[in-house]
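This report refers to the structure that appears directly beneath it.
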Amino acid sequence: MNHDAIGVFDSGLGGLTAVKALNEILPNENIIFFGDTARVPYGTRSRQTILRYTKEDIAFLRRHPVKMIIAACGTVSSMLGADSPVNDIPFTGVVYPAAKKAAEVTKNGKIGVIGTPATIKSGSYETALHNMDSKIDVTAMPCPLLVHLVEYGYTDKNNQITRLAAEEYLAPIRNAGVDTLIMGCTHYPIIREIIADIMGEDVTLLSAGEEAARYAKLCLEEQNLLNDSTEPGHNIYYVSDSVSSFRENAKNFLPDAAHGQVFSSRI
Ligand code: DGL
């Protein structure tokens, strides 16, 4: 048993999709979240730059008592591949947990993946899926505008700009006849309703952040690191840019992040 927090990081708001799932799945756990909002987006940058930011994000979280780290970012997870950036505490990214779930739920063996340009270029989800089943047919599309639209708060299901962009990105995936779509960037579930509308109700949507949260629970259970407190856990949020814009954008999505303890911190 361990009362330390679970450390979660992302370039921005997207990592909150993992925090939200952790709060539901592990309500007694404390969470320390870091969103590198001053440097978002990561997904249009070089591998070298993303890995440098990753190192700094992890170093920031490790200044706090954390018992596990989740890279709640498809881009960071894709750059790391199978390498773990920490070896004394458990770590997970989002690629393996999301790919594992997709391989389990697909019935027709056709899986779509959407992610940032860096994620899609890396082929990380295809590699993970093909390691699980070489016959899976993968259609992957980079969606460079979606992170910006989410960070700017263009998230309402009736937002025509976001809908148009999503329609264009998703068309090849819809045409490929997938029955499962991995939202491989943790920002995308924030516009889940738009994506679901475009893909239709027969397509299962998987949130990479949510799958990582479920996987984290398994890791903590296995290593006997779960918090045995019966009190509700507490979230603390750190961002590298403005607290007020983080609160504003988080308000429709994770009220705790909008009204809870949020600090701006240099890393
Ligand atoms: N949430 C990040 C991801 O999952 C966004 C990446 C970015 O900052 O471009 O990829």
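Each ligand, and each atom within it, is numbered from 1 in the order the structure gives. Keep in mind that what you see is a predicted model, and the values were worked out from it rather than measured.
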Ring geometry between Y96 and Y215 (parallel below 30°, tilted from 30 to 60°, perpendicular above 60°): perpendicular

Main-chain N/O of A102 paired to T106 side chain as donor or acceptor, under 3.5 Å: no

Among T119, I120, T139, I195, the one residue meeting side chain to side chain contact (heavy atoms under 4.5 Å, CB included) with I114: I195

Distance (rounded to the nearest 0.5 Å) between D179 CG and I111 CD1: 7.5 Å

Atom pairs and distances, ligand 1 N/O vs protein N/O under 3.5 Å:
from, atom 1, to, atom 2, distance (Å)
ligand 1, 1 (N), D10, OD1, 3.0
ligand 1, 1 (N), D10, OD2, 3.2
ligand 1, 1 (N), T186, OG1, 2.7
ligand 1, 1 (N), H187, ND1, 2.7
ligand 1, 4 (O), G74, N, 2.5
ligand 1, 4 (O), T186, N, 2.8
ligand 1, 4 (O), T186, OG1, 3.3
ligand 1, 8 (O), S11, OG, 2.5
ligand 1, 8 (O), Y42, N, 2.6
ligand 1, 9 (O), Y42, N, 3.2
ligand 1, 9 (O), G43, N, 2.7
ligand 1, 10 (O), G74, N, 3.3
ligand 1, 10 (O), T75, N, 3.0
ligand 1, 10 (O), T75, OG1, 2.6

Heavy-atom pair with the smallest gap, counting every atom of I136 and H130: O-NE2, 2.8 Å

Carboxylate-amine/guanidinium contact K67 E29, below 4.0 Å: yes

